[in-house]
Amino acid sequence: MTIKEFSQKSGLPPSTLRYYEANGLLVPNARLDNGYRVYTESQIEEARLINSLRQAGVSISHIVEFLSATASKREKLLHEWRREVATKLLSIQVANQFLNGFEMEKNRVHLINWETSVYIAWFSVKVPRGIMPFRHAIKEKLQKLQDMKINILSGSYVRVDDVIGGELIGDVGFIVMEKNAQKLYPLDENIKVEHYPATLFVSMEIAAEGRLSCKPIYHQIKKFGFEPNGKQLLRYMPDHNDSYLLMVPVVQIK
């Protein structure tokens with residue numbers, strides 16, 4: 001059948017069919033001497049599948065890969081696409097909740113997006129309670145990494161695991177390059193390297209003299225409709241001795 005007839009049967013405009021052909025997705029079964037394209041009945045379902053994948057946001061290159069893949073490879077690709085779409089939906093939901101809860105004069109809640117996964121080198125520490133209690137431990141462990149010729153990419157992070165008496169038990173961490181993360185395993189068994197997934201955080205800046213308890217902060221975050229999806233991080237910022245950033249993960253891409 002001609003491209004016009006194929007267009008009518010498949011429901012796709014000729015311009016779309018030509019675009020798919022140009023990108024190697026749907027090649028006519030034959031070409032007549034006059035250059036007219038000839039399609040077969042069996043190509044209708046393939047055309048509809050390609051168009052459906054495009055409407056679902058799948059890239060041209062991934063569709064090409066999908067069409068030539070084995071059944072097991074196709075299932076793997078479908079799984080990845082479902083995960084990506086689910087994450088996008090969650091991110092849109094978070095954005096919607098943030099905008100609906102935003103008040104120009106009162107807003108203290110912000111969004112931070114780690115678009116790609118990172119490697120974090122964690123040190124277990126025990127520190128006395130106080131104002132900015134992890135500051136000294138961060139300085140000490142940062143110096144240790146520098147002595148090991150390990151470059152830090154950005155910031156210092158804290159995870160609090162427990163409070164026992166007058167002491168805080170947790171980890172201080174630093175984002176490092178992947179090649180450096182691999183070096184750390186044999187260099188020091190006391191350093192735990194975590195491959196932290198791409199994450200969308202809800203964040204608030206907290207005054208240093210504030211209480212360690214984050215219940216009031218969580219209450220404000222939940223007013224937006226956010227739900228935590230993992231352990232909170234505290235970011236100690238360079239040259240900020242009077243505050244830190246509370247980061248609560250709400251969407252993680254694993």
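Hydrogens, waters and symmetry mates play no part in the numbers below; they use all other heavy atoms, side chains included. When a residue number appears, it is its place in the shown sequence, counting from 1. Worth saying up front: this structure is predicted, and the values here are computed from it rather than measured.
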Next on the checklist: According to side chain to side chain donor-acceptor pair (under 3.5 Å), does anything in residues 12-29 pair up with another residue at least two apart or in another chain? List the pairs.
Outcome noted: Y20-N51, E21-R31, E21-R37
Quick check for you: to the nearest 0.5 Å, what is the distance between [X] atom [atom1] and [Y] atom [atom2]?
X: I175; Y: S156; atom1: CD1; atom2: OG; value: 9.5 Å
X: K231; Y: M247; atom1: NZ; atom2: CE; value: 15.0 Å
X: E84; Y: H79; atom1: CD; atom2: NE2; value: 10.0 Å
X: R235; Y: L246; atom1: CZ; atom2: CG; value: 13.5 Å
X: K192; Y: S124; atom1: NZ; atom2: OG; value: 3.5 Å
X: M237; Y: D242; atom1: CE; atom2: CG; value: 8.0 Å

What are the two closest heavy atoms between [X] and [Y], and how far apart are they?
X: T2; Y: E5; value: N-OE1, 2.9 Å
X: T199; Y: N113; value: O-OD1, 3.4 Å
X: A47; Y: L12; value: O-CD1, 3.6 Å
X: S10; Y: R48; value: O-NE, 3.5 Å

Would you mind reporting whether [Y] and [X] have side-chain heavy atoms less than 4.5 Å apart?
X: Y39; Y: S7; value: no
X: F6; Y: I44; value: yes
X: I164; Y: I169; value: yes
X: I60; Y: L25; value: yes
X: I138; Y: R135; value: no
X: V176; Y: I152; value: yes
X: L168; Y: K126; value: no
X: Y157; Y: L245; value: no

Hydrophobic cluster membership, with links at side-chain heavy-atom distances under 4.5 Å among I/L/V/M/F/W/Y: are [X] and [Y] in one?
X: I92; Y: L111; value: no
X: V172; Y: V163; value: yes
X: V202; Y: L89; value: no
X: V251; Y: V85; value: no
X: I3; Y: V38; value: no

Checklist entry - Under 4.0 Å between a Lys/Arg side-chain N and an Asp/Glu carboxylate O for R159 and E194? => result yes
Item to check | Electrostatic pair E45:K9 at N-O distance under 4.0 angstrom | outcome: no
Checklist entry - Is the count of non-hydrogen atoms from other residues, nucleotides or ligands lying under 6.0 Å from D33 atom CG greater than 12? => result no
Checklist entry - For S203 and H110, does a side-chain donor sit closer than 3.5 Å to a side-chain acceptor? => result no
Item to check | Plane angle bin for F174 and F123 - parallel if under 30°, tilted between 30 and 60°, otherwise perpendicular | outcome: perpendicular
Next on the checklist: Check the orientation of W114 and F201. Use parallel for under 30°, tilted for 30 to 60°, and perpendicular for over 60°.
Outcome noted: perpendicular
Checklist entry - Of I191, V125, D171, which is the lone residue that meets side-chain contact (heavy atoms from CB on, under 4.5 Å) with K141? => result V125
Item to check | All side chain to side chain contact (heavy atoms under 4.5 Å, CB included) counterparts of K139, not counting sequence neighbours | outcome: none
Next on the checklist: When you measure from the side chain of Q43 to the backbone of T40, do you find a donor-acceptor pair of N or O atoms at a distance under 3.5 Å?
Outcome noted: yes
Item to check | Stepwise side chain to side chain contact (heavy atoms under 4.5 Å, CB included) check, E205 with Y244 | outcome: CA-CA 6 Å; E205 188 168 350; Y244 60 86; over 6 Å; no
Under 3.5 Å donor-acceptor pairs involving side-chain atoms of residues 61-70, not counting sequence neighbours:
| unit_1 | atom_1 | unit_2 | atom_2 | d |
| --- | --- | --- | --- | --- |
| S61 | OG | S59 | OG | 3.3 |
| H62 | ND1 | S59 | OG | 3.4 |
| E65 | OE2 | K73 | NZ | 3.4 |
| S68 | OG | V64 | O | 3.3 |
| S68 | OG | E65 | O | 3.3 |
| T70 | OG1 | S72 | OG | 3.3 |
| T70 | OG1 | K73 | N | 3.3 |

Item to check | Residue pair M1, Q8: steps toward the side chain to side chain contact (heavy atoms under 4.5 Å, CB included) verdict | outcome: CA-CA 10 Å; M1 68 186 83; Q8 292 172 342; over 6 Å; no
Checklist entry - Would R74 and E80 satisfy salt bridge (charged side-chain N to carboxylate O under 4.0 Å, His left out), going step by step from the backbone distance to the final call? => result CA-CA 10 Å; R74 284 190 173 193; E80 291 175 0; over 6 Å; no
Next on the checklist: With side chain to side chain contact (heavy atoms under 4.5 Å, CB included) as the criterion, how do L53 and W81 come out once you've worked through the C-alpha distance, each side chain's angles and the decisive distance to 0.1 Å?
Outcome noted: CA-CA 10 Å; L53 291 173; W81 297 338; 4.0 Å; yes
Checklist entry - Please walk me through it: do Y236 and M132 pass side chain to side chain contact (heavy atoms under 4.5 Å, CB included)? => result CA-CA 8 Å; Y236 276 52; M132 303 293 281; 3.8 Å; yes
